[in-house]
Structures are given as C-alpha cells and as structure tokens.
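The next block holds one structure in the form of structure tokens; read it before the comments.
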Number of protein chains: 2
Amino acid sequence: MTDTRWLSEEEQTAWLRAAAVLELLPGALDSQLLRDSELTHFEYFALASLSEAPERTLRITALAALTNATLPRLSRVLTGLEKAGLVKRATCSEDRRAKNVTLTDAGWEKVVRAAPGHVENVRRLVLDRLSPEQVRQLSEIAEALLGQLDPEGRVFGSTHVDGPAPT
Amino acid sequence: MTDTRWLSEEEQTAWLRAAAVLELLPGALDSQLLRDSELTHFEYFALASLSEAPERTLRITALAALTNATLPRLSRVLTGLEKAGLVKRATCSEDRRAKNVTLTDAGWEKVVRAAPGHVENVRRLVLDRLSPEQVRQLSEIAEALLGQLDPEGRVFGSTHVDGPAPT
DNA sequence: TAGAGTTTGTTGTAGATGCAATCATAAGAG
DNA sequence: CTCTTATGATTGCATCTACAACAAACTCTA
C-alpha cells in the first residue's frame, strides 16, 4: 500500500466546491420542476429522452442507459408515469422479455409545457452563470469524468429501439 | 412571457454531460465509502467537517450549513452516528435551544481510517482525470454556480480550520 | 414580566432509491 | 431436444430524504 497522495490546497478547494454543487444542484432542479410541472428532474429527463427517440419509443434498458438509472429505479418511475398516463409500456414482439416504453400524447404535451421553465432554470442556475469559455470547459471536464463514471459511454451512444444494445 | 432561449448545441452537450455526472458521481462516492468504511459520503463529510472544527465540535446548524444539508436530514443522520458512538450531542450551555455535536475518539478514528481510501477515490474519479488547469477551471465554475445555489456562501464563510483529517 | 414572533432542533408521514431476490424469456452447450 | 446459463424487467425490504408540524428556548417590545 503506497502512501496516500493528499489533496493540494487547490485540489481541496476545487473538490469542496464541486461536492457542494453536487449536493445542492439536484434539489434546485427538482424543486422548480415539481413546483411548476409536478415532475422530478429524473422524470422530466426520462420523458424528454423518450420525446427525442424514434417513434417516441425506447426499450426500458436503453432508457435506463440514457438516463443513467438502475433498472429497478426506472421501473418504478415508469409505473408512476404510466399511472399518470404519460407513457405506456408494451411487450417487445421480437424479444418478449423486453418492453418498449412509448411517450403518449399527454406525455408529449407534458414535456412541451415543462420544457421552457426547466430550460430557463438550467440557464439561471448554470449556463448563465458561466462564460461561453467556461461552458466549453465544463463540457470537457464532464466528459473526462464520464470516462471513468460511465466507461461504456452510454450517454453518448445511439438511441435506437430495435436491435440489440451495442456492446 | 418572453420566448424561451433554447440551448445551443454546445450548451446542450455541456448540460447533458454535467447532468450525467450529477447522476453518477454521488453513487460512486457512496459505494466506495460504504464498502470500505460503512459510511455514506454525507456521513463521512459530516464527520470530516467535525474533525476540522475547533474542539471537534460544531453547532448542529453550523454543521448543516457546512454540509449543505437540511436540518431534518442532518438530525437523523446524527442520530445514527450517535448510536454508532461516532459523535455525541450536548445541549449548548449558552443557548439551550441549540446543541453541540462533538466527534468522539471513535469517530476520529473512523475518519482517519476512511480518509485515505476516500481521497484515492476522489482522485480516481475526479482529480486525476483532469489537468491542473482543468482543476482550476472546475474550481471557478463550481464557485460561480454556488453563487446562485448557495447565496449565503455558507460553504466558504464558515470556519475552515486546518486539521490532520483532510477532505 | 407578559406575549408575539423567531430560531433551534426533532419527529410524523409519505415518497424515493438501492440491493437482492424473483419471474419470464432467450441463447447456448451437449 | 433438454438443460444450464444469461438477460430484461419487476418487486420485497430496508433505508434515506423532504416537507410540514411540532416543542422548546430565546429576543424584543411594551
């Protein structure tokens, strides 16, 4: 076991601030969406991901990858969204273990109505606080971190409903 | 209502990546600490904050501010830590509404043992993935965001005392 | 010193999440 | 073809968290 490489003062400050953002930002995202649209940020993101998919439809596993969620978590969230009439599940004909989730018209409406407020909130909380240069920096920093956090690059991978997931 | 300023492609990419980090990083932090030290990241952070405070003691409200937690959340976490013998609560003599939380010797030991693994994990997940320049950029970006998320500047304004147990 | 209003911390309750176990279906080995 | 293993999705259970209601103690005013 080698000795621990402790953090330099600069590293410590950077990490302290980043950890604070990690603690505060999710709540700030949820609270606006819950207040204005009765959606958590995760629910919104799932609906928005569906809205951009072909046929507004994705396999549950594919949606889980896009949203960085575990399958159990997504399954329960989908149950709620389905009860609210925003999505519907249907067994996949090609692989009867799998299911396709489809955004309903009501779900589409929901996303369309929620989007402006959410985008404004993302601007207020994040993008408008940063210079264009910093937005580029954030993008590269986050990409670098995802290399470790998400080795499969699921976030960037393609979003198709048919066919097996890319290995 | 003015028209929504939608995100440019660069902004969208940056935000998509940042949101993915927001979703994945907390779990990655928790999982190492839970596996190696039976602590959540939040519990570790609370203990570490206490370890750096004078007398290893803080008012509960002050600790909540340092850790960016709500009071109910912190109260319940402290109950757990107290049951585990890692901290103890004592009514403050000057203001009998308030309570001081103190890190016990066992709590100190716990932090000291957990710190190396946690720091290595922070390096593996974050700091070692970034150039020194990017660490500075991350620091400034996070600071800018905290200006909106944490207007009181609780993270910075508070007592940041040097101590043996680092972040 | 009485009382309104505040601050500090805890608790009731409901909803969210992760892990492990489970069920159903598919793919592969012999 | 049968049996074993792997995959897709859901559910049981324990834990965590937020919001709101609450209790206790402080402050300020008259």
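Numbered from 1 within each chain, the chains take letters A, B, ... in sequence-line order. Because the structure is predicted, anything quoted here is derived from the model rather than measured.
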_Along DNA chain C (nearest heavy atom to each residue), the more 5'-positioned of B/Arg59 and A/Phe42_ =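 Going by which nucleotide is closer to the 5' end, it is B/Arg59.
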*Among D/dA9, C/dA24, D/dC26, which is the nearest nucleotide to the side chain of A/Arg97?*
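Nucleotide nearest to A/Arg97's side chain: C/dA24.
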*Below 4.0 angstrom, N of the basic side chain to O of the carboxylate: do A/Arg123 and A/Glu120 qualify?*
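No.
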*Hey, are A/Arg73 and B/Glu23 close enough for a salt bridge, meaning a charged N less than 4.0 Å from a carboxylate O?*
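Salt bridge: yes.
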*Strand contacts (DNA chain C) in residues 71-86 of chain B, 4.0 angstrom heavy-atom criterion*: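 Per residue number, the list reads B/Leu71, B/Pro72, B/Ser75, B/Arg76.
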_Please compare B/Thr40 and A/Ser31 by the position of their nearest nucleotide in DNA chain D and report the one closer to 5'._
B/Thr40
Would you kindly give the [atom1]-to-[atom2] distance between [X] and [N], to the nearest whole Å?
{"X": "A/Lys99", "N": "C/dC23", "atom1": "NZ", "atom2": "C1'", "answer": "11 Å"}
{"X": "B/Arg89", "N": "C/dT8", "atom1": "CZ", "atom2": "P", "answer": "16 Å"}
{"X": "B/Ile60", "N": "C/dT11", "atom1": "CD1", "atom2": "C1'", "answer": "14 Å"}
{"X": "A/Leu63", "N": "D/dA9", "atom1": "CG", "atom2": "C1'", "answer": "13 Å"}
{"X": "B/Asp30", "N": "D/dT17", "atom1": "CG", "atom2": "C1'", "answer": "13 Å"}
{"X": "B/Asn68", "N": "D/dT17", "atom1": "CG", "atom2": "P", "answer": "14 Å"}
{"X": "A/Arg35", "N": "D/dC19", "atom1": "CZ", "atom2": "P", "answer": "12 Å"}
{"X": "A/Glu94", "N": "D/dG8", "atom1": "CD", "atom2": "P", "answer": "14 Å"}

*Does a donor on one side chain sit under 3.5 Å from an acceptor on the other, for B/Arg17 and A/Ser139?*
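There is such a pair (donor and acceptor under 3.5 Å, judged by atom type) between the side chains of B/Arg17 and A/Ser139.
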*asked:* Nearest 0.5 angstrom please: B/Arg59 CZ to B/Leu66 CG, how far?
replied: 13.5 Å
_Rounded to the nearest 0.5 Å, what separates atom CG in A/Asn68 from atom CG in B/Leu25?_
11.5 Å
_Does the plane of the ring in B/Phe45 sit parallel, tilted or perpendicular to the ring in B/His41? Use 30° and 60° as the thresholds._
tilted
*Sole residue of A/Val87, A/Leu58, A/Leu71 in side chain to side chain contact (heavy atoms under 4.5 Å, CB included) with A/Leu63*: A/Leu58
